[in-house]
Number of protein chains: 2
Amino acid sequence: MFSSRPAVHPVEAPPLTDAAENHPLRLRMKDVQGMPGTSGGLALRLVQFSFALSALCVMVTTNDYTSVTAFCYLVAAVSLQSLWSLSLAFVDAYALLVMRCLRNRPITFFFTLGDGIMSTLTFAGACSSAGITVLIGNDLGLCSENHCTSFETATAMAFLSWFAISISFMLNFWLLAAR
Amino acid sequence: MFSSRPAVHPVEAPPLTDAAENHPLRLRMKDVQGMPGTSGGLALRLVQFSFALSALCVMVTTNDYTSVTAFCYLVAAVSLQSLWSLSLAFVDAYALLVMRCLRNRPITFFFTLGDGIMSTLTFAGACSSAGITVLIGNDLGLCSENHCTSFETATAMAFLSWFAISISFMLNFWLLAAR
């Protein structure tokens, strides 16, 4: 009966190795650039901010954007997104400076929710502006009376900003689900 | 030396229990309605299809939608989405009938990618149409000469269809990441 006791050691050892092997994703996730608290994440936030700010500046310089609701909405959306991206750029920079990890669940959930809302708002603004710009330029042919180039540039910048924030959203959502 | 042989059994047993405990999410995921191969998933696909088809029918019944590029784009986007949703509704119905699981990684990746592309296209179409509808109705006040009610209804249906497909996308993406 008691002769089998030494075999207790291998019983305790395997689960540790097994647990490490069961989570290759969790170990790999820490290396993915673009997630909160990485230099890639900070770069992504700065790209989002700069494109959103460019869209805002280009749209505001046309003095007649207020006559179209969709352009006003785009200005509001990219203003909000530039504020959001700048705030998170500061958070990322702080996390990098103090070597702090931003990977706990409530923070990731907050970032995912914010990125999701912001990307939806910016994409909606960019699409509605694109619709109006195509209507003015192609369908009605009124580019001589309107600032078509500015509208197109602002729309393109908003699309680029949306693309950058949707990468952040995907990475955060993946991080949230993979935990 | 050979007296410890019977202890081989407990060595093999614990990792199995441990592996099951390490994946509480994977076990829970199977119960979430709305994922591929569930009755909730089938219902979601049918909701997407019906809203997309409604948007298509309402927009096509206005004879002047072809004069605006954004409305033509909306028609193309909801046509594609209704085809996609109907196809996946058939796949879900088949999976439910033969009690087959649709949870392997390539299938989930394909569904996530398709849902992501379709939801982006439909949302872009809905937003650009909303921009034009608000321009015609509010900014220019030309509703007496245009089918404003039809445009608004088609846009609303496209938004509802987008909302339903984005739920599918989120669930599939979560399933893909949680594996």
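Letters A, B, ... are given to chains in the order of the sequence lines, protein chains preceding strands, and every chain is numbered from 1.
A chain of hydrophobic side-chain contacts below 4.5 Å, direct or via other Ile, Leu, Val, Met, Phe, Trp or Tyr residues, connects A/F110 to A/L113. Neither A/V134 nor B/I136 shares a network with the other; the hydrophobic side chains, linked directly or stepwise wherever heavy atoms of I, L, V, M, F, W or Y lie under 4.5 Å apart, form separate groups for each. Cluster annotation: B/F163 is connected to B/F159 through the hydrophobic network of ILVMFWY side chains, with a link wherever side-chain heavy atoms come within less than 4.5 Å. In this structure, B/F90 is not a member of the same hydrophobic cluster as B/L83, with clusters built from ILVMFWY side-chain heavy atoms closer than 4.5 Å. Cluster membership check: A/I165 does not share its hydrophobic cluster with A/V75, using side-chain heavy-atom separations under 4.5 Å among Ile, Leu, Val, Met, Phe, Trp and Tyr.
For A/T120, the parts sitting under 4.5 Å from any heavy atom of chain B are the backbone and the side chain alike. Contacts of B/S67 with chain A are made by backbone atoms alone, with heavy-atom separations under 4.5 Å and no side-chain atom involved. If you measure heavy-atom distances from B/A130 to chain A, you find no contacts under 4.5 Å at all.
In terms of non-hydrogen atom pairs under 4.5 Å with chain A, the most contact-rich of B/A124, B/A70, B/G116 is B/A124.
Under the 30°/60° scheme for interplanar angles, the aromatic rings of B/F173 and A/W174 are found to stand perpendicular.
Looking at every heavy atom in both residues, A/S128 comes nearest to B/G131 through CB-CA, 3.9 Å. Minimum heavy-atom separation, A/A177 to B/A177: CB-CB, 3.5 Å. Contact detail for A/V68 and B/D139: the closest heavy-atom pair is CA-OD2, 3.5 Å.
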